[in-house]
Visitor: 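Before anything else, here's the structure in question.
Numbers restart at 1 for each chain; the letters A, B, ... are given by sequence-line order, proteins then strands.
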There are 2 protein chains.
Amino acid sequence: MTIEPVPVHDPADTVWRLLTALLMVRKEEFPALAASFGLNPGAMHALLQLDPEEPQSMSSLAGAWKCDASNVTWLVDRLEEHGLAERRAHPGDRRIRTVALTRKGAKIRSQVEARMYEAPDNLRALSLRDLETLAKILRKIVPEDRSRP
Amino acid sequence: MTIEPVPVHDPADTVWRLLTALLMVRKEEFPALAASFGLNPGAMHALLQLDPEEPQSMSSLAGAWKCDASNVTWLVDRLEEHGLAERRAHPGDRRIRTVALTRKGAKIRSQVEARMYEAPDNLRALSLRDLETLAKILRKIVPEDRSRP
DNA sequence: TATTGTTATACTCTATAACTATA
DNA sequence: TATAGTTATAGAGTATAACAATA
């Protein structure tokens, strides 16, 4: 005797399943994408969260990246080795070091984003009408800034 | 002078950005979900890809999990420690060891899936009409089996 | 001899604890 | 004394290479 799984009736869960299935493939591509730029996934994630305009302190990065300060040191070292970021002095407090994207870092970052946000073929196969319907509905629940990281 | 990013015009890319933003939060929850079952993310991933019905050889798992055979040994050791999977002899070839989910493994696996496929609150906030529209469109491009892993 | 899986070992990434320099 | 960041060190997870058993 086999225990059958309880069927999903909740429409939100149904949509969630469909979305997860759609995204799963891309998620697995991330490490390869990072590697294609000579970075490990952690450093790539860090690169994407660095703001080209606003240098941040090491400690605030530890908060943003949800990792230990010593790991921030290590990750920023990796980015510096690739010439993608640089440590700078803080004007008011000589204990603080800020991290800023270099010109090259900003360029690579936007290249990576372009690759990440390239829609997969199956999505591209939808009609313009369907795509616009999707966008309209999704915009109701996705804050504008989160859709343009 | 700052170089402005090229605006995204392609409607498929726009939708893709929205979808990615929506899924990002959940993706970050995965390690915590794994930890709540006493597993590391790798072992959890492995558990989810083990078929309750079909035992698989170690080498085929290395292919499926995209990792080295020695790592399969390590991961299956972890699952066995928790009583979630077990090695079995292959009837025809004594070199081969197959890996099968235990009864407990199948149970935990479906619990994990239930947690993973629970829609987040913002999705739940959509109207039934919107959810049905989403499901209808997404089903055009998501193969039925991929939406029910 | 070739293949399957394990063991021995090394490397990568992350964390904790001790340390340096500023405040 | 407290805080920011680094360095020293340890641990988890993954890979490569050598090995034992079987084909």
Side-chain angles (χ1 to χ4, degrees), chain A residues 27-50 54-82 84-100, chain B residues 27-50 54-82 84-100:
Chain A
K27 192 180 102 176
E28 286 159 9
E29 290 170 6
F30 189 81
L33 175 62
S36 75
F37 286 91
L39 297 173
N40 60 47
M44 176 62 80
H45 196 240
L47 180 70
L48 288 169
Q49 298 211 327
L50 277 178
E54 288 192 28
Q56 299 212 263
S57 71
M58 301 290 280
S59 60
S60 70
L61 290 175
W65 301 346
K66 291 186 173 68
C67 68
D68 188 81
S70 64
N71 196 28
V72 174
T73 296
W74 190 83
L75 288 167
V76 173
D77 283 349
R78 298 291 80 69
L79 293 176
E80 282 201 325
E81 279 172 9
H82 286 82
L84 303 177
E86 63 187 13
R87 288 170 168 88
R88 293 181 190 163
H90 183 96
D93 188 334
R94 287 199 297 169
R95 292 174 304 181
I96 296 174
R97 312 250 258 159
T98 63
V99 182
Chain B
K27 192 180 104 177
E28 286 159 10
E29 290 171 5
F30 190 81
L33 176 62
S36 76
F37 285 92
L39 297 173
N40 60 48
M44 176 63 80
H45 196 240
L47 179 71
L48 288 169
Q49 298 210 327
L50 278 178
E54 288 191 28
Q56 299 211 261
S57 71
M58 300 291 280
S59 60
S60 70
L61 289 175
W65 300 346
K66 292 186 173 67
C67 68
D68 188 81
S70 64
N71 196 28
V72 174
T73 296
W74 189 84
L75 288 167
V76 173
D77 283 350
R78 297 292 79 70
L79 293 177
E80 281 201 325
E81 279 172 8
H82 286 81
L84 303 176
E86 62 188 12
R87 288 170 168 88
R88 292 180 190 164
H90 183 96
D93 187 335
R94 287 200 295 169
R95 291 174 304 179
I96 296 175
R97 313 250 257 159
T98 62
V99 181

Visitor: I need the A/L33 CG to A/L39 CG distance, nearest 0.5 Å.
Guide: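 Here the rounded value is 9.5 Å.
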Visitor: Contact class for B/R87 vs. all strands (heavy atom < 4.0 Å): base, sugar-phosphate, or nothing?
Guide: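 Sugar-phosphate contact only - B/R87 comes under 4.0 Å of backbone atoms but never of a base.
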Visitor: Between A/R78 and B/S57, just flag the one whose closest nucleotide in DNA chain C comes earlier from the 5' side.
Guide: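 Looking at the nearest nucleotide for each, B/S57 comes out on the 5' side.
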Visitor: Nearest to the side chain of A/N71 - C/dG5, D/dG13, C/dA15?
Guide: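 Nearest listed nucleotide: C/dA15.
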Visitor: Identify whether any heavy atom of B/S59 sits under 4.0 Å from a base atom; if not, whether one sits that close to sugar-phosphate; answer base, sugar-phosphate or nothing.
Guide: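 Here B/S59 touches the backbone only, sparing every base.
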Visitor: Any side-chain N or O of B/N40 below 4.0 angstrom from OP1/OP2 of D/dG13?
Guide: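 Answer is yes, contact under 4.0 Å.
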Visitor: Starting at NE2 of A/H45 and ending at P of C/dC13, how long is that distance when rounded to a whole Å?
Guide: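 The answer, rounded to whole Å, is 15 Å.
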Visitor: Which protein N or O atoms sit under 3.5 Å from an N or O of nucleotides 21-23 of chain D?
Guide:
from, atom 1, to, atom 2, distance (Å)
D/dA23, OP1, B/R94, N, 3.0

Visitor: Return no unless some side-chain N or O of A/S70 is found under 4.0 Å from OP1 or OP2 of D/dT6.
Guide: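 Looking at the OP1 and OP2 atoms of D/dT6, neither is under 4.0 Å from any side-chain N or O of A/S70.
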Visitor: Given atom CZ of A/R88 and atom C1' of D/dG5, what is their separation to the nearest angstrom?
Guide: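 That distance rounds to 18 Å.
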Visitor: Between D/dT14, C/dG5, D/dT16, which one does the side chain of B/D68 approach most closely?
Guide: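 The nucleotide sitting nearest to the side chain is D/dT16.
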Visitor: Find the distance A/L61:CG to D/dT6:P and express it as a whole number of Å.
Guide: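 Rounded to the whole Å, the gap is 11 Å.
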Visitor: B/W65 CH2 to D/dG13 C1': how many Å, rounded?
Guide: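 Whole-Å distance recorded here is 14 Å.
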Visitor: Okay, side chain of A/H90, backbone of A/R95: is any donor-acceptor separation there less than 3.5 Å?
Guide: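 Not confirmed, A/H90 side chain does not pair with A/R95 backbone.
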Visitor: For A/H45, I'd like to know if atom NE2 has over 12 heavy atoms of other residues, nucleotides or ligands within 6.0 Å.
Guide: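 Open.
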Visitor: What's the CD1-C1' distance between B/I96 and C/dT6, to the nearest Å?
Guide: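 Value for this atom pair: 15 Å.
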Visitor: Using whole Å, report how far CH2 of B/W74 lies from P of C/dT9.
Guide: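 About 19 Å, once rounded to whole Å.
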Visitor: Whole Å only: how far is the CE atom of A/M58 from the C1' atom of D/dT7?
Guide: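 Atom-to-atom, A/M58 to D/dT7, this comes out as 12 Å.
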Visitor: Does some side-chain heavy atom of A/L50 sit less than 4.5 Å from a side-chain heavy atom of A/L84?
Guide: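 No. Closest side-chain heavy atoms not under 4.5 Å.
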Visitor: Does a salt bridge link B/E86 with B/R88, judged by any charged N lying under 4.0 Å from a carboxylate O?
Guide: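 Salt bridge present between B/E86 and B/R88.
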Visitor: Can you identify which nucleotide, out of D/dT16, C/dT14, D/dT6, has its nearest atom closest to the A/T73 side chain?
Guide: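 Among the listed nucleotides, the one closest to the side chain of A/T73 is D/dT6.
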Visitor: Rounded at 0.5 Å granularity, tell me how far CD in A/Q49 sits from CG in A/L61.
Guide: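 Between A/Q49 CD and A/L61 CG, I get 9.0 Å after rounding to 0.5 Å.
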Visitor: To the nearest 0.5 Å, how far apart are CZ in B/F30 and CG in B/L48?
Guide: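 Here the rounded value is 5.5 Å.
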